[in-house]
Amino acid sequence: MSSELTTRMEAIKASLAAFRPQRVVTRDVKDPANHPRADRLKGIYTIVALSEGDYTNVPNYLAQDGRQSFLILGDIDLAPNQIPSKIEDAEGLMLDDIKAWVRSTANSPTLCLVRLLRTVFSGQMASPSGWIVCELDYKP
């Protein structure tokens with residue numbers, strides 16, 4: 001038996017993986033160095049739960065339909081000898097994927113209330129690797 005959290009996280013993972021099949025999508029956080037280089041060159045999205053709250057609390061609906069916060073961590077490597085701004089460009093493309101995916105969920109019967117709240121970039125600090133952290137939420 002799966003928890004509501006597991007069901008939601010698996011739905012998010014499946015949806016993003018279907019939307020961007022050229023990227024690797026997982027729910028398992030790993031040091032990017034422990035992913036195959038070929039996957040890091042494609043770009044890896046890792047989906048992790050962050051919190052849940054804002055429940056419906058009226059008679060007969062106590063502690064139901066909470067808003068779930070989650071992160072999508074993006075990791076990507078570039079070929080050697082790239083200038084650092086190319087990392088920022090690659091991170092921007094990863095964010096563009098997430099934005100497009102969020103817009104695509106608007107017509108989904110199960111993920112219609114996904115919102116992208118904010119994104120943090122690597123600041124070119126890990127060149128020739130890059131990363132983004134996207135915070136999102138979902139209200140069933």
Side-chain angles (χ1 to χ4, degrees):
M1 179 174 176
S2 295
S3 69
E4 287 181 22
L5 175 64
T6 299
T7 301
R8 288 179 189 169
M9 296 302 286
E10 286 296 325
I12 291 165
K13 176 186 163 192
S15 175
L16 182 56
F19 187 77
R20 281 294 178 259
Q22 69 272 29
R23 305 273 194 199
V24 175
V25 181
T26 181
R27 288 187 50 218
D28 301 311
V29 175
K30 288 195 231 180
D31 183 323
N34 292 329
H35 284 280
R37 174 121 171 97
D39 288 353
R40 295 191 321 261
L41 290 168
K42 290 179 195 175
I44 302 165
Y45 293 121
T46 305
I47 302 162
V48 294
L50 187 59
S51 67
E52 189 173 290
D54 192 24
Y55 299 102
T56 300
N57 284 309
V58 296
N60 301 317
Y61 292 99
L62 295 176
Q64 291 190 24
D65 301 327
R67 181 170 298 282
Q68 178 186 345
S69 297
F70 63 100
L71 300 175
I72 298 178
L73 313 174
D75 291 290
I76 193 158
D77 281 359
L78 293 184
N81 302 319
Q82 296 287 328
I83 59 174
S85 63
K86 294 297 181 188
I87 288 294
E88 198 169 82
D89 297 344
E91 292 169 348
L93 290 173
M94 291 190 87
L95 176 58
D96 287 349
D97 284 352
I98 299 300
K99 289 177 179 178
W101 171 73
V102 167
R103 287 190 295 270
S104 79
T105 65
N107 297 317
S108 165
T110 56
L111 296 174
C112 60
L113 296 172
V114 174
R115 299 185 309 168
L116 177 60
L117 303 175
R118 69 190 55 83
T119 301
V120 178
F121 300 93
S122 73
Q124 302 180 15
M125 301 300 285
S127 183
S129 298
W131 54 263
I132 62 173
V133 177
C134 299
E135 184 179 349
L136 301 96
D137 70 8
Y138 166 75
K139 178 84 172 175

Student: Search all heavy atoms of Ile87 against all heavy atoms of Ser127 and return the closest pair with its distance.
Tutor: CG1-OG, 4.0 Å
Student: Linking Ile, Leu, Val, Met, Phe, Trp and Tyr through side-chain heavy atoms less than 4.5 Å apart, which residues share a cluster with Ile44?
Tutor: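 Via sub-4.5 Å side-chain contacts, Ile44 links to Val24.
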Student: Test of understanding: clusters of I, L, V, M, F, W, Y form through side-chain heavy atoms closer than 4.5 Å, transitively. Do Ile12 and Leu71 belong to the same one?
Tutor: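 Unlinked, Ile12 and Leu71 end up in two clusters.
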Student: Applying a strict under-4.5 Å side-chain criterion to I, L, V, M, F, W and Y, I'd like to know whether Trp131 and Leu136 cluster together.
Tutor: no
Student: Show which residues join Met1 in its hydrophobic cluster (side-chain heavy-atom contacts under 4.5 Å, direct or indirect), or state none.
Tutor: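 None; Met1 is a cluster of one.
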Student: Could you state whether Ile76 and Leu16 fall into the same hydrophobic cluster, counting links through intermediate Ile, Leu, Val, Met, Phe, Trp or Tyr residues with side-chain heavy atoms under 4.5 angstrom apart?
Tutor: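 Yes, it is one cluster - the side chains of Ile76 and Leu16 are joined through contacts under 4.5 Å.
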Student: Only pairs at least two apart or in different chains count here, so list each salt bridge (charged side-chain N to carboxylate O under 4.0 Å, His left out) that has a residue in residues 106-117.
Tutor: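 Listed by first then second residue: Arg115-Asp137.
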Student: Give every donor-acceptor pair under 3.5 Å between a side-chain atom in residues 29-43 and any protein atom, sequence neighbours left out.
Tutor:
{"from": "Asp31", "atom 1": "OD1", "to": "Ala33", "atom 2": "N", "distance (Å)": "2.8"}
{"from": "Arg37", "atom 1": "NH1", "to": "Asp77", "atom 2": "OD2", "distance (Å)": "3.1"}
{"from": "Arg37", "atom 1": "NH2", "to": "Leu78", "atom 2": "O", "distance (Å)": "3.4"}
{"from": "Arg40", "atom 1": "NE", "to": "Asp77", "atom 2": "OD2", "distance (Å)": "2.6"}
{"from": "Arg40", "atom 1": "NH1", "to": "His35", "atom 2": "O", "distance (Å)": "2.7"}
{"from": "Arg40", "atom 1": "NH2", "to": "Asp77", "atom 2": "OD2", "distance (Å)": "3.3"}

Student: Would a 4.5 Å heavy-atom cut-off, applied to side chains only, mark Glu10 and Arg27 as touching?
Tutor: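 In contact.
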Student: Please list, one pair per line, the donor and acceptor atoms closer than 3.5 Å that link side chains of residues 93-103 to other protein atoms, with sequence neighbours excluded.
Tutor:
{"from": "Asp97", "atom 1": "OD1", "to": "Arg20", "atom 2": "NE", "distance (Å)": "2.8"}
{"from": "Asp97", "atom 1": "OD2", "to": "Arg23", "atom 2": "NE", "distance (Å)": "2.8"}
{"from": "Asp97", "atom 1": "OD2", "to": "Arg23", "atom 2": "NH2", "distance (Å)": "3.1"}
{"from": "Asp97", "atom 1": "OD2", "to": "Tyr45", "atom 2": "OH", "distance (Å)": "3.0"}
{"from": "Trp101", "atom 1": "NE1", "to": "Ser15", "atom 2": "OG", "distance (Å)": "2.8"}

Student: Of all the heavy-atom pairs spanning Phe121 and Ile132, show the shortest one and how long it is.
Tutor: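 Scanning both residues completely, I find the closest heavy atoms to be CD2-CG2, 3.6 Å.
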Student: Apply side-chain hydrogen bond (donor to acceptor under 3.5 Å, both in side chains) to Thr105 and list each qualifying residue two or more places apart in sequence or on a separate chain.
Tutor: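 With neighbours one apart ignored, the set is empty.
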Student: If you round to the nearest 0.5 Å, how far is CD of Glu52 from CZ of Phe70?
Tutor: 12.5 Å
Student: What is the distance from atom CD1 of Ile47 to atom CD1 of Ile72, rounded to the nearest 0.5 Å?
Tutor: 5.0 Å
Student: For Ala49, what residues pass the side chain to side chain contact (heavy atoms under 4.5 Å, CB included) criterion, not counting sequence neighbours?
Tutor: Leu5, Met9, Gln68
Student: Nearest 0.5 Å, please: how far is OG in Ser129 from CD in Glu91?
Tutor: 10.0 Å
Student: What pair of heavy atoms forms the shortest contact from Ala79 to Pro128, and how long is it?
Tutor: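 Result for this residue pair: O-CB, 4.5 Å.
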Student: Under the salt bridge (charged side-chain N to carboxylate O under 4.0 Å, His left out) definition, can you give me all pairs with a residue in residues 116-133, not counting sequence neighbours?
Tutor: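 Non-adjacent pairs meeting salt bridge (charged side-chain N to carboxylate O under 4.0 Å, His left out): Arg118-Glu135.
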Student: To which residues is Leu117 joined in a hydrophobic cluster, defined by side-chain heavy-atom contacts under 4.5 Å among Ile, Leu, Val, Met, Phe, Trp and Tyr, whether direct or through other members?
Tutor: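 Cluster partners of Leu117: none, it stands alone.
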Student: Using side-chain hydrogen bond (donor to acceptor under 3.5 Å, both in side chains) as the criterion, list what pairs up with Thr6, not counting sequence neighbours.
Tutor: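 side-chain hydrogen bond (donor to acceptor under 3.5 Å, both in side chains) check on Thr6 returns Ser3.
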Student: If you take all heavy atoms of Pro21 and Ala18, which pair is closest and at what distance?
Tutor: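 So the minimum-distance heavy-atom pair works out to CD-O, 3.5 Å.
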Student: Grouping I, L, V, M, F, W and Y whenever their side-chain heavy atoms are under 4.5 Å apart, do Val120 and Val48 come out in a common cluster?
Tutor: yes
Student: Using every non-hydrogen atom in the two residues, find where Ser122 and Gly130 come nearest and quote the distance to one decimal.
Tutor: OG-CA, 4.2 Å
Student: Kindly write out the residues that satisfy salt bridge (charged side-chain N to carboxylate O under 4.0 Å, His left out) with Glu88, not counting sequence neighbours, or none if the list is empty.
Tutor: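 None.
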